[in-house]
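Only heavy atoms go into these numbers, but all of them, side chains included; no hydrogens, no water, no symmetry mates. Throughout, protein chains are lettered first and strands after them, A, B, ... in sequence-line order, and every chain is numbered starting at 1.
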Amino acid sequence: MRFSNLFIPTMREVPSEAEVVSHRLMLRAGYVRQLASGLYIFLPLGWRVLNRINKILKEEMEAMGAQEISMPILHPSEIWQQTGRWYEIKDEMFRLKDRTGRDMCLGMTHEEIMTWLAAKEIRSYRQLPQIWYQIQTKLRDEARPKSGILRTREFIMKDSYSFDIDEQGLEKNYKLHADTYHKIFKRCGLNFYQVESDPGMMGGATAHEFMAPSPAGEDDIVLCNKCGYVANVEVARSVSQATKDAGWEYEEVHTPQKRTVKEVSEFLGIESAYFIKSLLLMAAEGPVFVLIRGDQELHEKKLSKIIGPFRTALKEEVLSLLGVSAGFIGPMGHKLRILADHALKEGTYISGANKIDFHTKGIKARVHFNPEWHDLHTAKKGDLCPECNALINIEKCIEIGNIFKLGTKYSLPLNAVFLDRDGQEKPMIMGSYGIGPARIAAAAIEQNYDNDGIIWPKSIAPFDIEIIPLNINDKKTIDISTSLYEMLSANGLDVLIDDRDERPGVKFKDSDLIGVPLHVILGEKALKDDMVEIKVRRTKETKRVPVFDIVKKTIEIFNAIY
RNA sequence: CGGGGCGUAGCGCAGCCCGGUUAGCGCACCUGCCUUGGGAGCAGGGGGUCGGUGGUUCAAAUCCACUCGCCCCGACCA
């Protein structure tokens with residue numbers, strides 16, 4: 001491709017609204033433009049990258065036996081009503097009416113429609129298993145689109161769905177997807193982890209996410225370098241490091257006007273880990289008293305799995321239920337249901353004295369309070385691995401893919417049943433599996449860039465090689481670069497040639513910004529000695545090679561990089 | 001949805017607090033000359049509903065009210 005025939009609007013300056021690296025570079029290098037909040041145009045270079053990613057996706061999906069199909073993006077509401085998600089999902093779903101007044105929605109995902117199809121067409125166990133996938137646009141009215149193409153309202157997703165006769169079949173397809181995802185992300189040149197995740201609204205028991213570490217990510221994961229435990233903090237367990245038992249006598253301490261753990265801990269000069277954070281929460285069953293250690297954060301999802309949805313108690317409720325105002329409440333002497341985090345099993349602690357302006361020192365579990373023990377805290381840096389007790393790390397990640405075991409969550413309401421070998425009618429056992437191609441592109445940039453621009457992994461770069469003739473008015477330069485272009489193309493490489501009548505500086509800057517993995521530079525000076533230069537974008541290493549050897553050397557060096 | 005910030009030329013910004021000729025700067029763009037190994041130089045030029053609406057005023061980019069849009073933090077995130 002000739003640079004002069006491609007629309008590549010590079011920018012020297014960055015639009016001020018772009019914060020994250022991938023967004024800035026994609027704008028500057030002419031890959032994308034923003035239409036509105038959460039809506040992006042993919043320009044020729046950006047679209048080439050997405051297509052290369054999608055090609056990898058298709059190859060690997062086909063290799064595992066999945067079949068590509070295409071589904072409508074506009075859906076009738078009835079199917080979504082049958083599974084209940086028409087009502088469960090609120091503003092995030094784009095809804096509209098057709099001309100007859102019929103309720104419709106735009107697809108945020110395709111469990112309903114895929115299951116509808118399976119329900120309609122599949123009768124017998126002989127037709128199973130099936131894996132259907134598509135690479136198509138999804139629409140979600142996101143509460144907050146952000147970080148360029150990382151969180152948008154319209155985006156392409158590779159989503160696949162498996163239908164099996166039993167759990168073993170699902171297990172097999174789930175593993176198959178996990179293996180395929182590893183191959184895909186590896187081919188795309190990404191660093192990533194497969195982590196345990198929260199099945200959330202998808203239902204079902206098991207879910208994993210594929211996470212690419214990057215400061216631009218929205219998720220935190222816990223990982224243990226020693227035993228390999230990895231999990232999203234949404235579900236991660238951890239062991240809070242034990243405190244030394246302070247061994248205090250049980251006594252009240254005057255703490256005038258000091259209410260929060262931070263205030264009291266500073267006032268007394270004692271670390272927050274020696275405090276019990278006492279929280280009064282209102283669940284459906286009534287008030288629940290929850291205790292965590294002063295240096296811990298309550299993990300609301302873990303708690304709501306135990307007590308259901310809850311809210312914090314109002315000031316008046318605290319006063320009327322416990323007889324003391326918030327800030328001075330302690331776990332001693334209440335008849336309410338009490339839950340506590342495991343960290344409080346051992347040790348001696350300080351908490352509210354249930355008396356205004358006083359705290360109590362020397363509180364011990366089982367002596368002064370007797371709770372149900374649970375894991376209620378959010379894992380954080382400094383905690384220990386729940387599997388092997390080594391120190392854990394926390395890393396920010398971009399979610400690039402996920403896999404869910406759905407079971408019968410969709411097949412039951414949509415009546416996707418088949419007749420099994422034993423003559424029994426049974427619901428299909430389903431799984432669903434997603435990958436965000438644009439997120440792969442963004443994550444690849446986040447993990448591969450320098451001050452000058454993007455450094456694409458070669459599998460997903462918009463071109464394999466960029467030829468840079470410095471002076472296009474020099475006949476020798478043009479003759480050699482043209483024949484090089486033709487020969488490399490004939491060898492199956494995607495080549496970009498910067499045939500613009502621009503100064504060398506401009507071409508160098510643009511080529512570094514755009515980030516094609518290998519550059520071949522033809523300058524008049526070197527050409528006098530019949531030499532050209534081959535530059536590896538990632539390392540900026542430049543090698544002078546003789547013109548007669550250029551095709552062979554270029555391919556050789558190209559094959560050696562990743 | 002809560003909190004914060006920002007809307008002035010394609011991009012980056014100044015001007016606004018303290019109202020007053022023709023709204024300015026850098027980059028980009030157009031023409032010519034010149035130059036050609038890391039976003040050159042000189043000369044000339046084009047481009048603006050100052051986000052929108054309403055108000056205050058002799059006079060509004062500037063003050064007031066409302067509104068729209070975009071970004072960031074949080075909540076949310078099949």
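Counting non-hydrogen atoms under 4.0 angstrom, A:S147 reaches the backbone sugars and phosphates but no base. Within 4.0 Å (heavy atoms only), A:E533 reaches at least one base atom of the nucleic acid. Within 4.0 Å (heavy atoms only), A:L513 reaches at least one base atom of the nucleic acid. At a threshold of 4.0 angstrom between heavy atoms, the contacts of A:A18 with the nucleic acid are absent. Contacts of A:R153 with the nucleic acid, taken as non-hydrogen atoms under 4.0 Å apart, are absent.
Under the Watson-Crick or G-U wobble criterion, with both distances below 3.5 Å, B:C13 is paired with B:G24. In a base pair of the Watson-Crick type (N1 to N3 plus N6-O4 or O6-N4) or a G-U wobble (N1-O2 and O6-N3), with each distance short of 3.5 Å, B:U57 is matched with no nucleotide. In this structure B:G69 sits in a base pair with B:C6, meeting the Watson-Crick or G-U test at under 3.5 Å. Of all nucleotides present, none satisfies the Watson-Crick or G-U wobble test against B:A40 with each distance under 3.5 Å. With both pairing distances under 3.5 Å, B:C1 is matched to B:G74 as a Watson-Crick or G-U wobble pair.
Between A:D179 and A:K175, no side-chain nitrogen of the basic residue sits less than 4.0 Å from a carboxylate oxygen of the acidic one, so the salt-bridge criterion is not met. Note on A:D474 versus A:K476: no salt bridge recorded, every NZ/NE/NH1/NH2 to OD/OE distance being 4.0 Å or above. Between A:D295 and A:K277, none of the side-chain N atoms (NZ, or NE/NH1/NH2) sits under 4.0 Å from a carboxylate O, so this pair counts as no salt bridge.
Under 4.0 angstrom from either OP1 or OP2 of B:C11 there lies no side-chain N or O belonging to A:S16. Dashed line: the shortest gap from a side-chain N or O of A:R503 to OP1 or OP2 of B:G39 is not under 4.0 Å.
In this structure, A:Y193 has its ring center no closer than 6.0 Å to that of A:H208. Taking the six-membered ring where the residue is Trp, the centroids of A:H519 and A:F508 are separated by 6.0 Å or more.
Going from atom CG of A:L39 over to atom C1' of B:G69 covers 13 Å, rounded to whole Å. Distance A:L527 CG to B:U36 C1': 15 Å, rounded to the nearest Å. Rounded to whole Å, atom C1' of B:C76 lies 12 Å from atom CD of A:E300. Remark: P of B:C76 and CD of A:E218 are 13 Å apart, rounded to the nearest angstrom. The interatomic distance linking A:I521 (CD1) with B:U36 (C1') rounds to 15 Å, in whole Å. Across the protein-nucleic acid pair, A:R144 atom CZ and B:G4 atom P stand 15 Å apart, rounded to whole Å. Rounded to an integer number of Å, the gap from A:E19 CD to B:C6 C1' is 12 Å. Between the CE atom of A:M11 and the C1' atom of B:C11 there is a distance of 7 Å, given to the nearest Å.
Map A:K540 and A:H23 each onto its nearest nucleotide of RNA chain B; the residue landing nearer the 5' end is A:K540. Residues A:E92 and A:E502 both approach RNA chain B. Their nearest nucleotides, taken by heavy-atom distance, put A:E502 toward the 5′ side.
For the pair A:K138 and A:F155, the cation-pi criterion (under 6.0 Å, within 45° of the ring axis) is not fulfilled. Judged by the 6.0 Å distance and 45° axis criteria, A:R538 is not positioned over the aromatic ring of A:W456.
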Fill in: side-chain hydrogen bond (donor to acceptor under 3.5 Å, both in side chains) evaluation trace for A:R85 with A:Y410
CA-CA 10 Å; A:R85 290 210 288 184; A:Y410 297 92; 3.0 Å; yes
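Contact annotation: side chain of A:D510 to base of B:G39, donor-acceptor pair present below 3.5 Å. No N or O donor and acceptor, one from the side chain of A:D452 and one from the base of B:G38, sit under 3.5 Å apart. For A:E13 against B:G39, no side-chain N or O and base N or O form a donor-acceptor pair under 3.5 Å.
Put simply, the side chain of A:R439 gets close to the backbone of A:E399: a donor and an acceptor are under 3.5 Å apart.
Near RNA chain B, meaning a heavy atom under 4.0 Å away, there are no residues from residues 66-78 of chain A.
Nearest to the side-chain atoms of A:P504 among the listed nucleotides B:U36, B:C11, B:A28 stands B:U36.
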